[in-house]
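Here's the structure we're looking at; comments come further down.
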Amino acid sequence: MPTIIPNYHPIFVHFTIALMVTSFGMLLLHYLFKTKPQLRQECLIVSRWCLWLAALVSILTVIAGLHAYYTVAHDAVTHKVMTIHRNWGIVTFVAIWVAAISSFVLYLKQKPPRWLFTGVLAIAVVLVMVTGWYGAELVFRYGTGVMSLPQSEGAGHQHDSVNNMVAHVDSGNHEH
């Protein structure tokens, strides 16, 4: 298996986040389309599949996350944030699976989702967002898992304007 530097966790976590948010969004659309039964049913189907896929991918997300927790270089301050992120991740994993199993049971019983299930899914999505926030803190505030950080060129660093960038692309000049 090819090595991803520094690990696979960022790949899987983004699928988990996207699928969970999409599942919740499609469930909300399911409720909004009361006068369009076919569209309403399609939204529910998409919501279910996204949730079920998110639950499956979350297994890989947690495995890769635990691997990262024990192998990514970090200091004492970062370790505290990593531990908080890991703990939220475990709670989030459980919530995703509670929602997914609940959804599957409703599906097997051929019952539509109710507001209680919607609340469970909403809690799971909020947990995904909180866990993701701590993960973003690790990467973007502390540089955890980042191989190298660019050196700042200071306040005098200039970027091309959008028009100059478009002109460079149009002319085939891709140098910066």
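Here the structure is a predicted model, which is why all the values come from computation and not from measurement.
- The salt bridge (Lys or Arg N to Asp or Glu O under 4.0 Å) contacts involving residues 66-92 comprise nothing, where partners must be two or more places apart or lie in separate chains.
- Every side chain to side chain contact (heavy atoms under 4.5 Å, CB included) that Val91 has, sequence neighbours left out, goes to Leu127.
- Phe117 and Ala99 make their closest contact through CE1-O, 3.3 Å (heavy atoms, listed as atom of the first residue, atom of the second, distance).
- Under the 4.5 Å side-chain heavy-atom criterion for ILVMFWY residues, no single connected hydrophobic cluster contains both Val94 and Val57.
- Note that the CD1 atom of Ile90 and the CG atom of Leu66 stand 6.0 Å from one another [nearest 0.5 Å].
- For Ser102, there are no side-chain hydrogen bond (donor to acceptor under 3.5 Å, both in side chains) partners, not counting sequence neighbours.
- Inter-residue side-chain proximity for Leu121 and Met20 is flagged as met; some heavy-atom pair is nearer than 4.5 Å.
- Applying the side-chain hydrogen bond (donor to acceptor under 3.5 Å, both in side chains) rule to Trp88 yields no partners; only residues at least two apart in sequence or on another chain are considered.
- Judged as a salt bridge (Lys or Arg N to Asp or Glu O under 4.0 Å), not a single pair has a partner in residues 14-31 (not counting sequence neighbours).
- Looking at residues two or more places apart in sequence or on another chain, you find a side chain to side chain contact (heavy atoms under 4.5 Å, CB included) between Leu56 and Trp97.
- Put simply, the side chain of Val128 does not reach to within 4.5 Å of the side chain of Val21, judged on heavy atoms.
- Distance check, rounded to the nearest 0.5 Å: OG1 of Thr92 to CG of Asn87 gives 10.5 Å.
- Under the 4.5 Å side-chain heavy-atom criterion for grouping Ile, Leu, Val, Met, Phe, Trp and Tyr, Ile84 is connected to Val130 within one hydrophobic cluster.
- Within the structure, no pair that satisfies the side chain to side chain donor-acceptor pair (under 3.5 Å) test touches residues 120-129, not counting sequence neighbours.
- For Glu137, the side-chain hydrogen bond (donor to acceptor under 3.5 Å, both in side chains) partners at least two apart in sequence or on another chain are Arg141.
- At least one side-chain heavy atom of Thr83 sits under 4.5 Å from a side-chain heavy atom of Tyr69.
- Expressed to the nearest 0.5 Å, how far CG of Leu32 lies from CZ of Arg40 amounts to 9.5 Å.
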For residues 10-19, dump all side-chain donor-acceptor pairs below 3.5 Å to protein atoms at least two apart in sequence or in another chain.
residue: His14; atom: ND1; partner: Pro10; partner atom: O; Å: 2.4
residue: Thr16; atom: OG1; partner: Phe12; partner atom: O; Å: 3.2
residue: Thr16; atom: OG1; partner: Thr61; partner atom: OG1; Å: 2.8

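- By the side chain to side chain contact (heavy atoms under 4.5 Å, CB included) test, Gln41 is found to be paired with Leu44, Ile45, Arg48, residues two or more places apart in sequence or in another chain being considered.
- Cluster membership for Ile123 and Val105, using ILVMFWY side-chain heavy atoms within less than 4.5 angstrom, is not shared.
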task = Tell me, with the steps shown, if Phe24 and Leu51 meet side chain to side chain contact (heavy atoms under 4.5 Å, CB included).
result = CA-CA 8 Å; Phe24 185 67; Leu51 176 56; over 6 Å; no

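- One distance of note links CZ of Phe33 with CD of Glu42; it measures 11.0 Å at 0.5 Å rounding.
- A pairwise comparison of heavy atoms in Pro112 and Leu106 identifies O-CD2, 4.2 Å as the closest pair.
- Not counting sequence neighbours, His30 has no partner by the side-chain hydrogen bond (donor to acceptor under 3.5 Å, both in side chains) test.
- Cluster annotation: Met82 and Tyr134 are assigned to the same hydrophobic cluster (Ile/Leu/Val/Met/Phe/Trp/Tyr, side-chain heavy-atom contacts under 4.5 Å, transitive).
- A pairwise comparison of heavy atoms in Thr131 and His85 identifies O-ND1, 2.9 Å as the closest pair.
- Between Ala73 and Thr144, the shortest heavy-atom distance links the atoms O-CG2, 4.3 Å.
- No more than 12 heavy atoms of other residues, nucleotides or ligands lie within 6.0 Å of CG in Leu116, so this atom counts as exposed by the packing criterion.
- With values rounded to the nearest 0.5 angstrom, His79 atom NE2 is found 11.0 Å from Leu138 atom CG.
- Judged as a side chain to side chain donor-acceptor pair (under 3.5 Å), not a single pair has a partner in residues 106-115 (not counting sequence neighbours).
- Under a hydrophobic-cluster definition in which Ile, Leu, Val, Met, Phe, Trp and Tyr are linked whenever side-chain heavy atoms come within less than 4.5 Å, directly or via other members, Val77 and Tyr70 are assigned to the same cluster.
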